[in-house]
Amino acid sequence: MAKGEGAESGSAAGLLPTGILQAGERPVQVKIYLLDVAQVDPFSASIILFVGRAWDAITDPLVGFCISKSPWTRLGRLMPWIIFSTPLAIIAYFLIWFVPDFQQGQTLWYLLFYCLFETLVTCFHVPYSALTMFISTEQSERDSATAYRMTVEVLGTVLGTAIQGQIVGQAHTPCVQDANASTVALEGVNRTQSATSLRETQNAYLLAAGVIASIYVICAVILTLGVREQREPYETQQAKPMPFFRGLRLVMSHGPYIKLIAGFLFTSLAFMLVEGNFALFCTYTLGFRNEFQNLLLAIMFSATVTIPIWQWFLTRFGKKMAVYIGISSAVPFLILVALMESNLIVTYVVAVAAGISVAAAFLLPWSMLPDVIDDFHLKQPHIHGTEPIFFSFYVFFTKFASGVSLGISTLSLDFTGYQTRGCSQPARVKFTLKMLVTMAPIVLILVGLLLFKLYPIDEEKRRQNKKALQALREEASSSGCSDTDSTELARIL
């Protein structure tokens, strides 16, 4: 939130996991750093974040397109992107938290390295997500890999947030008692901050960046050495790269993909509204200024523990049933939050319940995407290399939901008179925060569930697709069938 970002440094911690390195670069935390540590003026900081996030969203389909045209190598199609982007991403990430000695041109410095970092992380994240389709041809193994990936990403988010939060905790700026004079008071606080203290804070950010970057390198090395891509038997070795716009048209005209994205977009937006306003809601509406970090940990711990449970549930009862029960389970607890008074114990219970729904909302759509790609391959067996396009636009719509959430929150709080860094807020701001965290997400969840109802791939359809794909693979392995043979076999099946 543009005006809300400065309220609490801990609000950088989000509910939806994005990985160990990305946990330290969320817009909230970056803006706090730019304003309080690098001392970039507010307008320039807003420009840096706006351009950086817009560029981040644009790079997803671009990287997906480039990967789809990449040839297979001894390392695979996706792994070279991960290997070569990692060291460059580490350098760019470190330079984001480095304060250059020159004053003139600082805005350009941060804009350059922020955009560069977003690009390089996309070059890692898109192939890393798409790798699910290339580590096994078995649906059950892909589902299991997705569950493991989501669990580790939640742990990575907690770890990254904890590391940076502990190391740079001294960078927290006290709230302003007189909300009407918040700007003047804030300037006074900044002026009284000594040069020595500021340098210590800058060094703390660099230390945190170094620790997080080291963990990132270790994880990338484990990924590179421990995972091998598998090529589909029915994919011809001489398959030519498909033109981007043709591939995009085919992907975006695939009905199950559009319906899955639509449902995913609304449910993601619901949980992102809770995510983006959770710290402010706990601080001002509930009055738990010193508890929201513990509440966040309760949510993340609950999500980490329940991801394996949801994985078991979807294998036993089906993915659509898991979506209905998992995501809708948040609604009663959000209603409880809307109706209750400030009660810390009840708030912790709601936080744990929210973690259960967050786990379902994050795991299940990603678990359903490989089923959509398998369905596409059956209907278009002569089209190859579209997996990165599917995954890149999936990531793009996640970031789109994040941007919409940011815009809704910013405009709502701005309209109701939110005071930056105020120790208290007007009653209408507290009410707005309650609506953003409770009623608005409930409506979005219900709309998303209605859209998931239209999603056509149920368990019976998954079993049919599995048999048909297995027939294609056996035919390709036994006779080395051509694209034409594959097309005819798919038509018969």
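Residues satisfying the side-chain hydrogen bond (donor to acceptor under 3.5 Å, both in side chains) criterion with Glu141, sequence neighbours excluded, are Ser136. When the ring-ring contact (aromatic ring centres under 6.0 Å, His included) test is applied to Tyr455, no partner is found at least two apart in sequence or on another chain. When the ring-ring contact (aromatic ring centres under 6.0 Å, His included) test is applied to Phe452, no partner is found at least two apart in sequence or on another chain. Listed by chain and number, the residues in a ring-ring contact (aromatic ring centres under 6.0 Å, His included) with Tyr257 are Phe390 (sequence neighbours excluded). Residues meeting the side-chain hydrogen bond (donor to acceptor under 3.5 Å, both in side chains) test with Tyr348, sequence neighbours left out: Glu291. Applying the side-chain contact (heavy atoms from CB on, under 4.5 Å) test to Leu446 and every residue at least two apart in sequence or in another chain returns Ile442. In this structure, the side-chain contact (heavy atoms from CB on, under 4.5 Å) partners of Tyr148, at least two apart in sequence or on a different chain, are Ser144. Residues forming a salt bridge (Lys or Arg N to Asp or Glu O under 4.0 Å) with Arg462 (at least two apart in sequence, or on another chain): Asp143, Asp371, Glu459. Trp366 pairs by the side-chain hydrogen bond (donor to acceptor under 3.5 Å, both in side chains) definition with nothing, not counting sequence neighbours. Ser357 is linked by a side-chain hydrogen bond (donor to acceptor under 3.5 Å, both in side chains) to Ser329, counting only residues two or more places apart in sequence or in another chain. Under the rule for a ring-ring contact (aromatic ring centres under 6.0 Å, His included), Trp81 has no partner lying at least two apart in sequence or in another chain. With sequence neighbours left out, the side-chain contact (heavy atoms from CB on, under 4.5 Å) criterion links Pro388 to Ile67, Leu78.
For Tyr216 and Phe124, the distance between ring centers is under 6.0 angstrom.
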